[in-house]
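Counting starts at 1 for both ligands and their atoms, following the listed order. Everything numeric here is computed off the predicted structure, so don't read it as measured data.
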Amino acid sequence: MSDQTPYEAATAAAAKLAELTGIEHHDVALVLGSGWLPAVDALGEATAEIDTTDLPGFHAAGVVGHSGKIRSIRCTDSEGADRNLLVFLSRTHFYEGKGVAAVVHPIRTAAAAGCSAIVLTNGCGGLKEGWQPGQPVLISDHINLTATSPIVGANFVDLTDLYSPRLRAMCQEIDPSLDEGVYVQFPGPHYETPAEVRMAGVLGGHLVGMSTTLEAIAAREAGMEILGISLVTNLAAGLSGEPLDHAEVLEAGKAAASRMGGLLSQVVTKI
Ligand code: 8IG
């Protein structure tokens, strides 16, 4: 691997993906975050399912509730044409310490596999008054507090409208009750202190989590259209009076699965 660029590594993974799934070209990629797994069955029958570790450059999943699988799903788009979805049932998180290139390898693989759009989902803490656990929120913008980038070298990628206004509008047409917010990525793996949550609010953040921003940057670099959707699985630390608990995250996902599944299955056919 060391003599390969990250882009060459992604091209190699995409070639293996095509070989193992029998699908030459995927159209739309979807990365599932904490709490989103129960929603995936609404997307349709799997054409193929492989272990992430069957592809070069991928690492085993490191979090309970994240399955280390990649699923290829055939669906029909809004014009009646076949569409191949590439669904990552898990992600590599920045806090795993495997490096930023490992975090965005699935994104670059999706781009190399032909995907022109990507849906990045996550579970996160919510700051806005009135938001409840189990509520999906569209990501309108982000603040990356990891102090790093997936891009190396003098490649000054523009991040204006990183989270596609077109795709956000499409989601709000499907579900007019969807709210939007600015996602703040902390490095993790510890949750924020209540003071850090207040800081995120002062900075203009509404959602706090440990993923997504580095992936979105890599997706933009690769030229993909990006939709980000957070599932508010808990009120951010200090807002509820209760300690944070990962079990609560998985519970919120189960409770909201049909709403999220409905949203995802409609949006991936319209993109
Ligand atoms: I799920 O409250 C989930 N992931 N940083 N804070 C951070 N990450 C999270 C949270 C949260 N909930």
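- Contact atoms of ligand 1 toward Met210: 5 (N), 7 (C), 8 (N) (distance under 4.0 Å to a heavy atom of the residue).
- Interface atoms of ligand 1 facing Gly125, defined by a heavy-atom separation under 4.0 Å, are 2 (O), 10 (C), 11 (C), 12 (N).
- For the residues Gly188, Pro187, Gly123, Gly33, the heavy atom positioned nearest atom 4 (N) of ligand 1 is part of Gly123.
- Atoms of ligand 1 lying under 4.0 Å from at least one heavy atom of Glu192, given by number and element, are 2 (O), 5 (N), 6 (N), 7 (C), 11 (C).
- Under the 3.5 Å distance criterion, with hydrogens and angles disregarded, no donor-acceptor pair is assigned to the side chains of Arg91 and Thr121.
- The aromatic rings of Phe88 and Phe58 sit parallel, their planes meeting at an angle under 30°, below the 60° perpendicular limit.
- The environment of CD in Glu8 is crowded: more than 12 heavy-atom neighbours from other residues, nucleotides or ligands sit within 6.0 Å.
- Remark: aromatic rings of Tyr163 and His142 are close, center separation under 6.0 Å.
- Looking only at atom types and distance, the side chain of Thr213 has a donor-acceptor partner in the side chain of Gln185 under 3.5 Å away.
- Shortest contact from atom 8 (N) of ligand 1 to any protein heavy atom: Gly209 CA, 3.3 Å.
- Less than 4.0 angstrom separates some heavy atom of Asn234 from each of these atoms of ligand 1: 2 (O), 3 (C), 10 (C), 11 (C), 12 (N).
- Tyr191 CE2, 3.6 Å is the protein heavy atom nearest to atom 9 (C) of ligand 1.
- A donor-acceptor contact closer than 3.5 angstrom links the side chains of Ser230 and Asn122.
- In terms of protein heavy-atom proximity, atom 1 (I) of ligand 1 is closest to Thr233 OG1, 3.1 Å.
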